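Taking it in order: structure first as structure tokens, then the write-up.
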Amino acid sequence: MSMEAFTVVTGAAAYLSRANVDTDIIIRIERLTAGTSREQLGRYALEALRYREDGRDDPDFILNQPAFRGAPILLAGDNFGCGSSREGAVWALRGIGVRCVIAPSFGDIFFNNCFQNGTLPIRLPVADIQSLAQACADGAALSVDLLKGLLTTASGIVISFSTDPLRRENLLHGLDDIGLTLKDDTLIRAWQTSDRRQRPWVWLAGAIL
Amino acid sequence: MGKTFFDKLWDAHVIRELGDGWVLLHIDRHLLHDLSGPPALADVAARGLSLHDCELVFSTPDHAVSSQPGRVSTTFPLGGRLHTELKSRSAEMGVRFFDLGQSGQGIVHVMGPELGIVLPGLTVICGDSHTCTNGGLGALAFGVGSSESAHALATQTLRQQKPNQLRIRCEGVLRVGVTAKDLALHIIGKLGSAAGVGSIIEFAGSAIEAMEIEGRLTLCNLSVELGARCGMVAPDQRTFDYLRGRQFAPQGDGFDAAVAHWRTLPSDADAVFDREEVIDASYVRPTITWGTSPEHSIAVDGRVPDPCDMLDMVQRDNLAAALVYMGLTAGQPIAGTPVDWVFIGSCANSRLSDLRAAADVARGKRVAAGVTAWVVPGSENIKRAAEAEGLHEVFKSAGFSWREPGCSMCVAANGEQVPPQQRSVSTSNRNFVGRQGPGARTHLASPALAAAAAIAGCITDLEEVRA
């Protein structure tokens, strides 16, 4: 199975400046128990921020504004995606078109979950994020180039960013970790055979099939 | 230079270096629950793969099952679907499944330790952020999403980068009535909810050495609320005594051989950490959160902070927003705040010692009018043990609802929510906006403080209720 590759993504960049947007805010837990498929979670992404009490779009929320509907890039605050490990948070954001999140810091598990789904999280200093937000405030496009490691605004601001080399490779080619790891299966089995001798208490009796 | 406890565990599990700071790490134990388990198992099945080592995987329903007395899998209908999927895929793929009503069923991070599934020196993962709980037994335990969970099911490994290491030494003696939960909330209040980002935390020091295993599990449970991946306590005699005789722990000579190995694991005296912090444990008071992050913690006899005291504008705005959401006034004492719900449960505090502590406060008293108070034991075994001691009668006589094991109101995935704008005191680990239900106002506390609030009808110091 392969993921959608990420090379260059260009589009509106919506700024959600609050800190500590946790994964409960990104997707409520009950949306993940209702049998909704991953692809349909988009309507529930950030729902407390997007919708008013009566269920209609809150026109003041940035992602509801015409220039930012379906924006592929989210500019965010500190500790974005902290809290629960729910991967549904990434799926829900993908569901509204987000392919790249740029923040000063992320919740660890959310950060990892992004890479599993062809979504690029980028750590950038607050000052840089604010410059980008200002340049893109009226919906002007931002270009995220993973090949070159460059963020470029329509107004000509260019900011470089770094991504871990291994993750970058996998994202660029839409590579799937499981396939890669299984190439090492002989090594894995050999390690296990050796470990059975060294730590016999780890190795429980056989399967119940 | 010496190695840290984490170094030793990490190095022992590296199958190979992958370059650029990545390794292939063996995963010794994998826990599955009803929310993140089905997608991971389905992913593996869809690829036409079988589980790499199904005997190292364990599953049980906890998040989406009702806690209603006498519940069955379909009592919460949506949970029934997830239960069926977890149960049937576990059977097809050779995974031990602990069903409702069976010994071994419970919140994953409660049943794992109690069954001896989690042992010192093991790598343990689960699709749940509070997997870090298991570090209290000296395991290298952390949460993952369902994609990484599928990867581990298919390969028995994870591709990982080594995190930084933070040691938090807790020195001194905890005061009477002050528990691991109070210590944890105190630490998060002091260091902040992002102190551990990118790191694992080793908890050490005299207060930790003196702490029982269930307390260590509670403390490590809240590591993720410091932003850390893992929290760990090096194994010692208390750990070995706790594990002896448990179902999946080694037995007899095998146990002794394991203990001999486990004794070599603690950090070397000359080991160096990336960061060290020292906490005066004797200073800690019974602690409660007032706001919308575990870092918003204060002593129960303290006052809610005033945003105007914050020099930083952003912090000021965040505090002000939290006060509005929680319906509190800047500078007010937190004690005396009326409550509507009390929830005693969750992977933070639902073990036998937690239930005993709550029962000690509740014995002979009555839940205040207008308060709904629930006790949800963390596992079927704990429920049975508590009933054998008569704890359920103590709670029921006092007007608490004695319920069935599961995550229940901590995560509110089973329809059990705190109604909008209602205020709960909860022994869980997250008080985020809307965590226990849209508009729900959550105060995190220890079991004793929660029981005291149920009886007083408001947030209160323990002394008030003992009188």
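For clarity, every value in this text was computed on a predicted model and none was experimentally measured. Below, chain A is the first sequence line, B the second, and so on; all start at residue 1. Any value given below was found using the heavy atoms of this structure, including those in side chains, with hydrogens, waters and symmetry copies removed.
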Exercise: identify the closest heavy-atom pair between [X] and [Y]:
X: B:Arg29; Y: A:Val202; answer: NH1-O, 2.8 Å
X: B:Ala194; Y: A:Asn79; answer: CB-ND2, 4.4 Å
X: A:Arg38; Y: B:Pro39; answer: NH2-CB, 4.1 Å

Could you tell me which portion of [X] (side chain, backbone, both or neither) has an atom closer than 4.5 angstrom to a non-hydrogen atom of chain A?
X: B:Ile15; result: both
X: B:Pro38; result: neither
X: B:Ala321; result: neither
X: B:Arg430; result: side chain
X: B:His52; result: both
X: B:Gln417; result: side chain
X: B:Thr157; result: side chain
X: B:Val118; result: neither
X: B:Asp317; result: neither
X: B:Val144; result: backbone
X: B:Gln161; result: side chain
X: B:Phe248; result: both

Any sub-3.5 Å donor-acceptor pair from A:Arg86's side-chain atoms to B:Leu35's backbone N or O? no
Between atom OG of B:Ser147 and atom CG of A:Asn112, what is the distance when rounded to the nearest 0.5 Å? 11.0 Å
Would you check, one step at a time, whether the test salt bridge (Lys or Arg N to Asp or Glu O under 4.0 Å) holds for B:Arg47 with A:Asp176? CA-CA 12 Å; B:Arg47 292 164 185 268; A:Asp176 171 71; 2.9 Å; yes
Which residues, numbered in order, of residues 187-197 of chain A come under 4.5 angstrom of chain B by heavy-atom distance? A:Leu187, A:Ile188, A:Arg189, A:Trp191, A:Gln192, A:Arg196
Hey, can you tell me if B:His26 and A:Trp203 have their rings parallel, tilted or perpendicular (30° and 60° cut-offs)? tilted
